[in-house]
Amino acid sequence: MRIVLNNAMDFLPEHTFECGQCFRWNKEKDGSFTGVAKGRAVNLSYDGRNIIIDGADNKDETFWRAYLDLTRDYGKIKESISSTSVMREALNFGYGIRILKQEFFETLISFIISQRSSIPKIKSCIEKMCREYGKEIEYKGKIYYSFPSTEELKEAKESDFEKFGVGYRAKYLERAVKDVLEGKINEEELLSLSTKEARAKLLEMYGVGNKVADCVLLFGLSRFDSFPVDVWVDRAMKEFFNGGDGITLFGENSGFAQQYLFYYKRSIG
DNA sequence: CGCCAGGGACGAA
DNA sequence: TTCGTCCATGGC
């Protein structure tokens, strides 16, 4: 069972999966990546032209194309944000990054966990949570776990989340699950709102500030006119753009610019 | 505005 | 080996 997506350009698994936007893809010895999305564990490899998604169902081809953002012309986007030499450097360095279209609830929970933490630590917390509350998925003789649904996390209390090492964020997580279950936060509604309105709605949540809201908008709701500012992007903006504002500089393609900048600045320090 | 919060990764000593 | 600093920050 596999899907082959032909002629995929402007794509590199390593940069897409290791640029800090996702936490559930891991590199194999052969350079391919194994990850869990849509409740399925798959292995993705790329030969420079074609993407092979082993373990994926044929009927999910549309999902994977959307997930990998393959229908978007990155050449055009990169051109629109390459006005400075630093940006050209960042775009060259992060060649092949595509902004994944991740599931809303997973993105929300993951980025609440992410606040003031490090990527390896975030991955470890999420993995423990999936193991405890997600569904078992067998792939190539190994057991993986789906990201838990709101229903699966329904009974999880602050003390349950604490077991995964999320620390003081546990109380935020309990409340977030409740907000989604009660419909206080609703994906359909957020999608119907403008980016600014959806952002305001997310900011009403306990434990969700500007940075987390912007990550949810960008990675979970495909709002590319958002510009999450973490410590690295903050440094990059001060150092390379005199502290200028990302949205003002990059407009509707801010999200892409931000991702290339984040990955670039984090690597050079 | 300033302070503080899990806990692990990471580098310096 | 141990210690200090930092981390895809937000609440108070």
Side-chain angles (χ1 to χ4, degrees), chain A residues 14-27 35 90 93-94 97-129 131-132 147 156-179 185 199-224 226-240 245-247 250 254-269:
Chain A
E14 191 155 350
H15 291 167
T16 293
F17 296 131
E18 294 184 343
C19 71
Q21 62 175 322
C22 57
F23 305 105
R24 301 210 66 205
W25 287 89
N26 295 299
K27 198 182 202 170
F93 177 82
I97 291 178
R98 281 178 180 264
I99 303 289
L100 298 173
K101 183 187 178 66
Q102 303 183 66
E103 288 164 79
F104 168 72
F105 182 64
E106 173 170 347
T107 310
L108 176 64
I109 296 298
S110 297
F111 279 92
I112 288 175
I113 291 173
S114 82
Q115 61 179 259
R116 216 189 67 115
S117 188
S118 60
I119 290 169
K121 172 68 172 154
I122 298 161
K123 290 178 82 166
S124 140
C125 292
I126 292 173
E127 228 37 58
K128 286 174 189 162
M129 183 178 68
R131 179 174 288 263
E132 181 94 12
F147 193 92
K157 299 294 166 206
E158 179 178 349
S159 58
D160 295 309
F161 287 111
E162 276 172 355
K163 290 181 290 183
F164 311 134
V166 301
Y168 64 89
R169 306 161 192 84
K171 52 187 178 292
Y172 305 152
L173 295 170
E174 184 185 339
R175 283 271 287 272
V177 171
K178 196 171 293 177
D179 285 348
I185 286 296
R199 187 174 196 264
K201 196 87 190 164
L202 288 166
L203 287 173
E204 289 174 13
M205 296 183 76
Y206 184 47
V208 175
N210 294 330
K211 162 63 169 59
V212 172
D214 290 335
C215 284
V216 174
L217 288 167
L218 178 57
F219 304 128
L221 295 167
S222 297
R223 295 300 171 93
F224 305 110
S226 24
F227 193 84
V229 179
D230 76 312
V231 289
W232 296 106
V233 173
D234 188 47
R235 287 169 192 158
M237 295 312 286
K238 287 186 170 114
E239 198 173 315
F240 305 140
D245 173 62
I247 307 269
F250 305 111
S254 292
F256 302 100
Q258 179 276 159
Q259 202 57 34
Y260 283 92
L261 269 175
F262 169 79
Y263 189 53
Y264 176 61
K265 183 60 181 158
R266 208 167 72 103
S267 80
I268 61 172

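In what follows, chains carry the letters A, B, and so on, assigned in the order in which the sequence lines appear, proteins first and then strands, with residues in each chain numbered from 1. Not measured: the values here are computed from a predicted model. Only heavy atoms go into these numbers, but all of them, side chains included; no hydrogens, no water, no symmetry mates.
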What contact category does A:V212 fall into here, base, sugar-phosphate, or nothing, at under 4.0 angstrom with non-hydrogen atoms? sugar-phosphate

Please give, in whole Å, the distance from C:dT9 P to A:L203 CG? 15 Å

If you check the A:Q115 side chain, which of B:dG6, C:dA8, C:dG10 turns out closest? C:dG10

Under a 4.5 Å cut-off applied to non-hydrogen side-chain atoms, are A:D179 and A:E204 in contact? no

Judged by each residue's nearest nucleotide on DNA chain C, which is more toward the 5′ side, A:R235 or A:V208? A:R235

Nearest to the side chain of A:F219, heavy atoms from C-beta on, is which of C:dC7, B:dG8, C:dA8? C:dA8

In whole Å, I'd like the distance from the NZ atom of A:K265 to the C1' atom of C:dA8. 15 Å

Could you tell me how far B:dC4 sits from C:dA8 if I compare only their P atoms? Round to whole Å. 22 Å

CG of A:L202 versus P of C:dG10: gap in Å, rounded? 12 Å

Please report the distance separating the P of B:dA5 from the corresponding atom of C:dT5, rounded so that it comes out in whole Å. 16 Å

In whole angstrom, what separates A:I126's CD1 from B:dG8's P? 16 Å

Mind checking A:G207 for me? I need base, sugar-phosphate or nothing, with any heavy atom below 4.0 Å counting as a touch. sugar-phosphate

Closest nucleotide among C:dC12, B:dG7, C:dA8 to the A:C215 side chain: C:dA8

Is any side-chain heavy atom of A:I97 less than 4.5 Å from a side-chain heavy atom of A:F262? no

Test: A:E127 and A:R24 ion pair at under 4.0 Å: yes

Taking CD from A:E204 and P from C:dG11, how many angstroms apart are they, rounded to a whole number? 12 Å

Whole-Å gap separating C1' (C:dT9) and CZ (A:F262): 13 Å

Just how far, in rounded Å, is P of C:dT9 from CD1 of A:I122? 7 Å

Which is true for A:S114 with a 4.0 Å heavy-atom rule: it touches a base, it touches only sugar-phosphate, or it touches nothing? sugar-phosphate

When the nearest nucleotide of DNA chain C is assigned to A:Y172 and to A:P120 on a heavy-atom basis, which residue is associated with the more 5' position? A:P120

What is the distance from atom CZ of A:F161 to atom CZ of A:F164, rounded to the nearest 0.5 Å? 7.0 Å

Under 4.0 Å between a side-chain N or O of A:Y206 and OP1 or OP2 of C:dC12? yes

Establish, yes or no, whether a centroid distance under 6.0 Å links the rings of A:F23 and A:F111. yes

Which heavy-atom pair separates A:M205 from A:I185 by the least distance, and what is that distance? SD-CG1, 3.5 Å

Minimum-distance nucleotide (side-chain atoms of A:P228 versus C:dG10, C:dG11, C:dA8): C:dA8

I need the CD1-C1' distance between A:I119 and C:dC6, as an integer number of Å. 13 Å

Checking all strands, does A:F161 fall into the base, sugar-phosphate, or nothing category for heavy-atom contacts under 4.0 angstrom? nothing

Please determine whether any donor N or O and acceptor N or O are separated by less than 3.5 Å between the side chain of A:R116 and the base of B:dG6. yes

P-based separation of B:dG6 from C:dC12 [nearest Å]: 13 Å

